[in-house]
Number of protein chains: 2
Amino acid sequence: MARAGLSTERLTRAGAELADEVGFDQVTVSALARRFDVKVASLYSHVKSSQDLKTRIALLALEELADRAADAMAGRAGKDALAAFANVLRDYAREHPGRYTAARLRLDPETAAASAGVRHARMMRAILRGYDLEEPDQTHAVRLLGSVFHGYVELEASGGFSHSAPDSQESWSRILDSLDALLRNWPAAS
Amino acid sequence: MARAGLSTERLTRAGAELADEVGFDQVTVSALARRFDVKVASLYSHVKSSQDLKTRIALLALEELADRAADAMAGRAGKDALAAFANVLRDYAREHPGRYTAARLRLDPETAAASAGVRHARMMRAILRGYDLEEPDQTHAVRLLGSVFHGYVELEASGGFSHSAPDSQESWSRILDSLDALLRNWPAAS
DNA sequence: TGATTTGCCTAAAGGGTTTAGGCAACTGCA
DNA sequence: TGCAGTTGCCTAAACCCTTTAGGCAAATCA
């Protein structure tokens with residue numbers, strides 16, 4: 001019987017594609033086995049469990065996202081860097097909704113620490129270097145940006161802003177403008 | 001054989017409790033049947049499907065949330081109203097994580113239109129009446145606030161801010177301050 | 001070429017979802 | 001109060017997903 005050429009790598013990639021096609025939570029070991037025209041049990045030589053598969057897809061997505069963000073931010077600072085980073089996030093989510101959802105999977109601490117998530121955090125700090133913020137305000141700002149970006153992208157993905165004026169692109173631009181303004185004039189602690 | 005006294009109402013409430021205890025996506029018709037010490041098939045007289053059950057829990061959570069928010073906002077305006085609304089969201093999420101997750105379930109358009117979600121939207125607009133924003137900036141601001149609130153609460157729930165200084169409460173306060181400042185000085189379109 | 005490793009398979013158990021059909025327990029009406 | 005009709009929970013069964021154990025054949029390497 002001919003072998004299918006499975007590997008952890010290929011399964012992870014195929015899983016990511018499947019996620020984009022049918023949604024991350026429809027990614028199942030069974031569905032993946034069907035895609036490779038192989039029996040379900042065969043996948044368990046390459047992947048420990050369904051959870052393991054999902055974690056690998058999440059890590060892949062985080063890497064891709066970090067790579068794109070690093071690329072986009074190269075040579076930029078201030079508002080340009082802010083917009084570049086934010087747009088990478090939003091575009092990735094629109095292009096690869098399943099992978100984006102995967103990237104938001106809750107990872108256990110060690111896995112998270114070894115993931116590209118730390119690159120994301122560093123890039124966020126790098127953006128803020130273009131503004132004049134001391135600690136702890138810098139941390140507050142990191143948290144604000146993270147919340148806005150992820151929050152907006154998620155609301156947009158769930159259809160919250162579609163079919164209503166003004167269109168989402170305009171809100172997005174204006175929100176980036178307003179965040180830039182806010183970071184330039186960060187209010188002192190009350 | 002004694003009857004268990006099931007009803008759609010009771011199942012929905014029990015489902016909400018179960019969600020808070022074990023997580024919304026662990027809410028299953030089977031688990032609920034166990035909780036009532038009843039056979040699984042029995043629930044299907046009261047609930048159309050697993051999806052139906054989840055939707056009902058989501059609608060319950062949206063109602064509770066809207067009730068609390070309306071309460072908290074009564075008699076407040078400006079920053080007070082902003083903070084009241086935001087704190088209700090955050091507190092509810094901390095108190096009832098499963099219900100909060102449920103409230104974020106993607107509903108089909110008609111269901112959403114008939115849900116307490118519309119009250120949320122109206123309250124958001126009410127908050128902005130305390131600031132001087134014309135359309136379309138008011139809509140942009142609604143979207144920004146929605147993104148920040150949901151984004152922050154979600155990142156916080158997933159442990160993103162724990163075990164790191166400054167503590168989450170401080171960031172939350174400062175972020176509310178900064179949003180207030182931003183809304184008072186909303187930048188003109190570029 | 002023969003021995004070993006590797007890869008995919010069959011088999012089976014366990015759990016969730018959902019439907020069909022049955023009997024017992026309530027409800028309401030005479 | 002007694003009986004008919006309705007309602008509520010049950011058994012049974014089909015289908016899908018996960019995961020483990022153990023087997024045979026294909027690839028690899030000596």
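Convention: sequence-line order gives letters A, B, ...; per-chain numbering from 1.
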(message) Please tell me whether F161(A) and Y152(A) form a close aromatic pair, meaning their ring centres lie under 6.0 Å apart.
(response) yes
(message) Surrounding CD of E9(B) (heavy atoms of other residues, nucleotides or ligands, distance under 6.0 Å), is the total greater than 12?
(response) no
(request) Among the candidates dT18(C), dC8(C), dA11(C), find the nucleotide nearest to the side-chain atoms of A41(A). (result) dA11(C)
(message) Of the options dT11(D), dT17(C), dC9(D), whose atoms approach the side-chain atoms of K39(B) most closely?
(response) dT11(D)
(message) Please pick, from dC8(C), dT17(C), dC9(D), the nucleotide with the shortest atom-to-atom distance to any side-chain atom of V38(B).
(response) dC9(D)
(request) Determine whether more than 12 heavy atoms belonging to other residues, nucleotides or ligands lie under 6.0 Å from atom CG of D108(B). (result) yes
(request) With D20(B) as reference, evaluate R94(B), R13(B), R99(B) under the salt bridge (charged side-chain N to carboxylate O under 4.0 Å, His left out) test and give the passing residue. (result) R99(B)
(request) Could you label the plane-to-plane angle of the H120(B) and F85(B) rings as parallel, tilted or perpendicular, counting under 30° as parallel and over 60° as perpendicular? (result) perpendicular
(request) Name the closest nucleotide to the A4(A) side chain, picking from dC9(D), dC8(C), dT17(C). (result) dC8(C)
(request) Using atom CG of L6(B) as one end and atom C1' of dA25(C) as the other, report the distance to the nearest whole Å. (result) 14 Å
(message) Let's see if you get this right: which residues in residues 8-33 of chain A place a heavy atom under 4.0 Å from DNA chain C?
(response) none
(request) For residues H96(B) and Y92(B), establish whether the separation of their ring centroids is below 6.0 Å. (result) yes
